[in-house]
Amino acid sequence: MKDNTLLLHLFYTLLLFLGASSSSVENGSNNDPNNQNEVYIVYMGAADSSNSSLRNDHAHLLNLVLRRNEKALVRNYKHGFSGFAARLSKEEATSIAQKPGVVSVFPDPILKLYTTRSWEFLKYQSHVKIDNKPNTVSNSSSTSDVVVGILDTGIWPESASFSDEGMGPIPSRWKGTCMKAQDFNSSNCNRKLVGARYYSDPNEEDESTPRDSFGHGTHVASTAVGAAVENASFYGLGEGTAEGGSPDSRLAVYKVCSSFGCRGSAILAAFDDAISDGVDILSLSLGASPGFAPDLTTDPIAIGAFHAVERGIVVVCAAGNAGPSPNTVVNDAPWILTVAASTIDREFQSSVVLGSTKTLMGKGINFSPLSNSPRYPLIYAESAKADTADLADARQCHSDSLDANRIKGKIVVCNGNKDEAYTTADKVEIVKGAGGIGLVHITDDEGTIASNYVDFPTSLISSKDGAIVIQYINSTSNPVATVLPTVTVLEYKPAPMVPYFSSRGPSMLSSNILKPDIAAPGVNILAAWIGNSAEGAPKGRKPSPYKLESGTSMATPHVSGLASTVKTQNPTWSASAIKSAIMTTAIQNDNLKAPITTDSESVATPYDYGAGEITTSEPLQPGLVYETSTIDYLNFLCYVGLNITSVKVISRTVPDNFSCPKDSSSDLISNINYPSIAVNFTGKGIVNVSRTVTNVGEEDETIYSSIVNAPSGIKVTLTPDKLQFTKSTKKLSYQVIFSSTLISLKEDLFGSITWSNSKYTVRSPFVLTK
Ligand SMILES: *[C@@H]1O[C@H](CO)[C@@H](O)[C@H](O)[C@H]1NC(C)=O
Ligand SMILES: *[C@@H]1O[C@H](CO)[C@@H](O)[C@H](O)[C@H]1NC(C)=O
Ligand SMILES: *[C@@H]1O[C@H](CO)[C@@H](O)[C@H](O)[C@H]1NC(C)=O
Ligand SMILES: *[C@@H]1O[C@H](CO)[C@@H](O)[C@H](O)[C@H]1NC(C)=O
Ligand SMILES: *[C@@H]1O[C@H](CO)[C@@H](O)[C@H](O)[C@H]1NC(C)=O
Ligand SMILES: *[C@@H]1O[C@H](CO)[C@@H](O)[C@H](O)[C@H]1NC(C)=O
Ligand SMILES: *[C@@H]1O[C@H](CO)[C@@H](O)[C@H](O)[C@H]1NC(C)=O
Ligand SMILES: *[C@@H]1O[C@H](CO)[C@@H](O)[C@H](O)[C@H]1NC(C)=O
Ligand SMILES: *[C@@H]1O[C@H](CO)[C@@H](O)[C@H](O)[C@H]1NC(C)=O
Ligand SMILES: *[C@@H]1O[C@H](CO)[C@@H](O)[C@H](O)[C@H]1NC(C)=O
């Protein structure tokens with residue numbers, strides 16, 4: 001059995017908690033009077049492209065700040081872009097914001113890391129296995145010189161996933177470094193782990209190391225580029241070969257998150273370094289909290305990513321874990337590849353055996369110490385109601401609602417309720433605290449994510465099975481049962497599905513850009529973990545080197561690994577060509593050959609999964625690509641209302657004669673040469689959109705024909721409807737004309753445009769918004 005996916009289960013995405021910006025300097029023990037000033041990021045756009053020294057205006061401003069306070073500087077950005085982070089008074093910040101060459105000045109966002117409540121936070125479970133590795137050209141004996149950079153919590157370098165066995169020498173163009181620390185030295189880096197940097201916070205001395213003390217960074221790194229490790233599992237669960245999406249690629253780690261979270265100023269410093277180190281792909285399993293939508297000039301990820309993409313680096317970011325509500329997608333700038341999560345075809349099942357010898361399939365991870373024979377007393381929680389408690393509370397096992405005398409030594413059956421504040425994990429604590437020996441939780445809402453209840457026998461069952469259990473209890477004088485330890489079930493159908501937590505479109509940034517872009521496995525993904533954490537380990541067992549985790553954090557490195565493979569096979573491709581290849585080859589059907597659904601069983605839309613679920617070998621040879629140029633992105637900045645003065649400062653490649661189109665309006669965003677299409681249709685009746693495709697297939701002479709899948713009530717016409725490429729014609733444009741007698745739409749409508757020849761299929765989803 002070969003399981004190419006790296007799987008794991010706890011879910012958390014590093015959420016940059018951008019809201020609390022005004023308190024970014026902790027008062028704490030730091031008595032440096034300079035700390036009365038807050039850290040601001042001064043963003044100055046492009047770096048000097050001709051010359052490795054600071055731009056004159058940058059040097060001048062920095063001097064000004066340092067003259068006033070020589071300790072004010074926190075970070076200086078000069079490789080990939082210009083600017084700095086410094087302690088400034090509010091007045092200084094306001095004054096600097098007015099200076100020429102300054103795009104924006106904003107408080108350094110405090111970035112929060114959700115680590116401790118991950119199980120409670122993630123209520124769901126389910127699973128799948130995908131073939132994570134291209135089965136074509138890739139050649140296991142070869143080494144890729146593509147370097148994937150990961151901005152996260154650092155790395156556990158001793159993990160077998162980061163072995164460099166069989167890898168060639170480090171590419172000579174690589175300029176990165178392996179930073180030393182008390183627990184990290186240059187021997188921790190190798191031909192696989194070619195770079196490791198950290199960005200310590202002045203207030204957090206102990207975390208001045210690239211070493212990961214959380215696990216998240218190690219996990220995502222091994223998912224992206226981990227070497228093949230046989231017999232990996234989480235205490236036997238999900239057993240198989242753990243292997244990254246691009247096991248031949250190199251890894252560079254940028255530790256920007258610590259116990260207090262991830263600082264925007266550190267993230268920008270990491271982008272700046274990664275650009276000059278020479279990374280090819282950047283992977284960020286972190287982002288802003290959905291309630292806070294920073295604009296493009298004050299969002300550190302959008303800023304850093306812009307400059308990275310301008311240098312040809314593919315930037316892959318998590319869409320967020322704030323689903324299933326609409327408008328929750330983050331990291332949605334058009335230059336970012338935004339990743340939603342999907343399930344794989346693997347489930348972790350824990351069965352409930354009733355004394356009547358009926359076995360019910362439940363979900364969840366536990367290492368139940370109970371006997372396999374159903375001989376433990378079983379009680380329905382409402383029969384154990386405490387005298388003072390409400391019946392509904394008791395039925396749902398809310399705190400202080402149960403009579404411990406009646407529960408002691410029994411397996412307790414609790415009801416779930418969609419709207420309640422209690423999670424299964426909360427109920428485990430309540431039942432355990434009252435002396436119960438197991439929990440059967442009746443819930444249709446949880447289950448997508450396999451939470452780990454460790455040694456406490458816990459099984460999540462459907463309401464249909466719940467009725468059977470209650471009926472059994474009601475019909476028996478001494479009901480008994482047992483909860484079996486979890487087993488791995490493969491080839492689960494349907495899969496993939498979009499789990500509830502994955503953040504959804506449409507984008508808050510613009511309804512003329514479709515986000516998220518793509519979906520990839522992000523539920524119960526097994527991947528490497530730090531070696532010294534016994535969290536989640538069954539009693540008496542050593543820490544597991546591999547762990548199950550869930551979140552768009554886990555989906556993101558699958559796409560980063562895939563991008564690395566595409567880059568390895570097509571080293572000259574632009575970042576946008578690689579993104580296009582991944583998007584236009586995505587699939588929309590599950591393993592039942594039916595349209596992919598969400599875990600609440602509705603058919604998924606591009607707001608759930610973008611172009612669809614990634615495929616692994618098709619993106620290597622997509623036939624046609626949509627190339628999005630820097631000019632497209634600059635036009636985008638114009639269309640969303642940025643001042644031309646700022647736009648010119650931002651890009652290093654902006655031509656002198658560039659100006660914002662006179663008729664700049666958000667509707668023009670639809671014309672950016674993006675691999676998907678989003679159009680504001682309301683009040684229009686007819687909308688024209690243009691696109692240009694580039695032939696990257698091996699045949700020069702080829703004809704592509706079109707197929708349109710249009711929503712009812714909308715006519716979609718392509719002109720031309722055939723594309724004839726020749727040796728000299730590599731690029732061709734076409735127009736899409738959306739028309740309808742409907743002037744206003746009742747709801748957003750979805751469809752797709754597909755170009756194909758005998759060999760390739762190139763599909764773009766579209767949305768018409770109301
Ligand atoms: C910082 O100090 C202010 C004023 O003394 C106090 O209100 C605030 O709670 C403190 N913040 C932290 C994070 O300790
Ligand atoms: C780089 O720029 C600085 C300041 O703009 C200038 O003094 C210096 O001569 C330039 N160096 C090169 C090699 O162009
Ligand atoms: C595998 O790699 C070797 C060495 O780079 C190369 O000679 C060979 O052609 C490759 N095989 C395939 C199928 O790409
Ligand atoms: C680096 O760390 C390893 C393992 O901790 C140790 O064996 C080695 O001596 C260290 N090397 C240096 C140069 O400090
Ligand atoms: C993997 O596990 C199987 C069964 O547990 C065992 O037969 C095999 O030798 C193991 N392989 C390695 C490389 O450890
Ligand atoms: C138990 O059975 C009795 C009699 O059949 C019925 O009235 C009652 O509703 C049942 N209780 C439950 C919880 O199913
Ligand atoms: C653009 O910004 C500059 C400098 O801040 C300002 O002088 C100018 O009026 C702005 N232009 C527009 C069109 O807003
Ligand atoms: C800007 O200049 C370039 C070459 O100098 C030219 O190709 C391009 O058409 C010009 N663009 C505009 C908008 O004038
Ligand atoms: C869509 O277009 C209509 C009519 O042009 C306009 O009133 C509306 O604000 C637009 N909606 C969005 C989200 O841009
Ligand atoms: C849309 O494009 C078609 C074909 O290029 C053109 O004939 C038509 O005038 C355009 N319509 C609008 C509204 O721009």
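As the structure is a computational prediction, the values presented were derived from the model and not from experiment. Each ligand, and each atom within it, is numbered from 1 in the order the structure gives.
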Can you give the donor-acceptor pairs under 3.5 Å from side chains of residues 300-310 to other protein atoms, not counting sequence neighbours?
unit_1: His307; atom_1: NE2; unit_2: Tyr43; atom_2: OH; d: 2.6
unit_1: Glu310; atom_1: OE2; unit_2: Ser651; atom_2: OG; d: 2.4
unit_1: Glu310; atom_1: OE2; unit_2: Arg652; atom_2: N; d: 3.0
unit_1: Glu310; atom_1: OE2; unit_2: Thr653; atom_2: N; d: 3.2
unit_1: Glu310; atom_1: OE2; unit_2: Thr653; atom_2: OG1; d: 2.9

As a test of reading the model: which N/O atoms of the protein lie under 3.5 Å from N/O atoms of ligand 9, and at what distance?
unit_1: ligand 9; atom_1: 2 (O); unit_2: Asn680; atom_2: OD1; d: 3.3
unit_1: ligand 9; atom_1: 2 (O); unit_2: Asn680; atom_2: ND2; d: 2.4
unit_1: ligand 9; atom_1: 2 (O); unit_2: Lys684; atom_2: NZ; d: 2.8
unit_1: ligand 9; atom_1: 5 (O); unit_2: Lys684; atom_2: NZ; d: 3.1
unit_1: ligand 9; atom_1: 11 (N); unit_2: Asn680; atom_2: ND2; d: 2.8
unit_1: ligand 9; atom_1: 14 (O); unit_2: Asn680; atom_2: ND2; d: 3.2

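- The minimum heavy-atom distance between Ser342 and Pro499, with the atom names listed, is CA-CD, 3.7 Å.
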From CA spacing to verdict: side-chain hydrogen bond (donor to acceptor under 3.5 Å, both in side chains), Tyr674, Lys579:
CA-CA 10 Å; Tyr674 208 75; Lys579 173 176 176 173; 2.7 Å; yes
Sequence neighbours excluded and cut-off under 3.5 Å, please list the side-chain donor-acceptor pairs for residues 761-770, or say none.
unit_1: Ser764; atom_1: OG; unit_2: Pro675; atom_2: O; d: 2.7
unit_1: Thr769; atom_1: OG1; unit_2: Val679; atom_2: O; d: 3.3

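- The heavy-atom pair separating Thr692 from Tyr626 by the smallest distance is O-CD2, 3.7 Å.
- Applying the side-chain hydrogen bond (donor to acceptor under 3.5 Å, both in side chains) test to residues at least two apart or on different chains, the pairs with a partner in residues 741-753 are Tyr607-Asp748.
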